[in-house]
Amino acid sequence: QVQVVESGGGLVQTGGSLRLSCAASERTFSVYAVGWFRQAPGKEREFVAAVDWSGSSTSYKDSVKGRFTISRDSRKNTVYLQMNNLEPEDTAVYYCATGSKSYITTGYDYWGQGTQVTVSS
């Protein structure tokens, strides 16, 4: 059972930046794809970004392209989501997820507890 823990959320003004981190309990985390998702109040959870095991292949939700960057540091067993030029519409609980696939996929088995991101206007 892989445990993932998100951190780095907080309150930021419109146009500001935050960097979220996703750390895992198992070293095998470094060979699996990782995704970031978010859920705003009253809305369904949605995909935000994903990275494959190597870090060379990434995928983004259209509305965050050019503003968010997903990356990973295998030595630290951590995946990051750098969020720039934040907008109030980015306010949500952000979740990190991983599974047993090395490539980017739509299904993930292990989820973190989430970290709150609030963007004030």
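All residue numbers in this chain count up from 1 along the given sequence. Everything numeric in this text was worked out from a predicted model, so none of it was measured.
Here the shortest heavy-atom pairing between Ser21 and Trp36 reads O-CH2, 3.6 Å. Contact detail for Arg72 and Val34: the closest heavy-atom pair is NH2-CG2, 3.9 Å. For the residue pair Ala50 and Tyr108, the shortest heavy atom distance occurs at CB-OH, 3.7 Å. A pairwise comparison of heavy atoms in Tyr95 and Gln39 identifies CE1-CB, 4.2 Å as the closest pair.
Put simply, the side chain of Thr115 does not reach to within 4.5 Å of the side chain of Val93, judged on heavy atoms. A 4.5 Å side-chain heavy-atom check between Thr69 and Leu81 finds every atom pair outside the cut-off. The side-chain heavy atoms of Ile104 and Ser57, taken from C-beta on, include a pair separated by under 4.5 Å. Between Cys22 and Phe29 the shortest side-chain heavy-atom distance falls below 4.5 Å.
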Anything under 3.5 Å between a donor and an acceptor, one on a side chain of residues 2-18, the other on a protein residue two or more places apart or in another chain? List them.
{"from": "Glu6", "atom 1": "OE1", "to": "Gln113", "atom 2": "N", "distance (Å)": "3.1"}
{"from": "Glu6", "atom 1": "OE1", "to": "Gly114", "atom 2": "N", "distance (Å)": "2.9"}
{"from": "Glu6", "atom 1": "OE2", "to": "Cys96", "atom 2": "N", "distance (Å)": "2.8"}
{"from": "Glu6", "atom 1": "OE2", "to": "Gly114", "atom 2": "N", "distance (Å)": "3.3"}
{"from": "Thr14", "atom 1": "OG1", "to": "Ser120", "atom 2": "O", "distance (Å)": "2.8"}
{"from": "Ser17", "atom 1": "OG", "to": "Asn84", "atom 2": "OD1", "distance (Å)": "3.0"}

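Judged by distance alone, the side chain of Asp73 and the main-chain N or O of Thr78 form no donor-acceptor pair under 3.5 Å. At least one donor-acceptor pair closer than 3.5 Å links the side chain of Asn77 to the backbone N or O of Glu26.
Listed by chain and residue number, nothing satisfies the salt bridge (charged side-chain N to carboxylate O under 4.0 Å, His left out) test with Asp109 (two or more places apart in sequence, or in another chain). The ring pair (Phe, Tyr, Trp, His ring centres under 6.0 Å) search around Trp111 returns Phe37, not counting sequence neighbours. Contacts of Asp90 classified as salt bridge (charged side-chain N to carboxylate O under 4.0 Å, His left out), with partners at least two apart in sequence or in another chain: Arg38, Arg67.
Here CZ of Arg19 is found 7.0 Å from OG of Ser71. Values are rounded to the nearest 0.5 Å.
The list of ring-ring contact (aromatic ring centres under 6.0 Å, His included) pairs with a residue in residues 50-69, not counting sequence neighbours, is empty. For the side chain to side chain donor-acceptor pair (under 3.5 Å) condition, no pair includes a residue of residues 96-107, sequence neighbours left out.
Grouping the Ile, Leu, Val, Met, Phe, Trp and Tyr side chains by contacts below 4.5 angstrom, directly or via other members, places Val64 with Val119.
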Next item on the list: List the steps, then state whether side chain to side chain contact (heavy atoms under 4.5 Å, CB included) holds for Tyr94 with Gln116.
Entry: CA-CA 6 Å; Tyr94 283 70; Gln116 177 70 48; over 6 Å; no
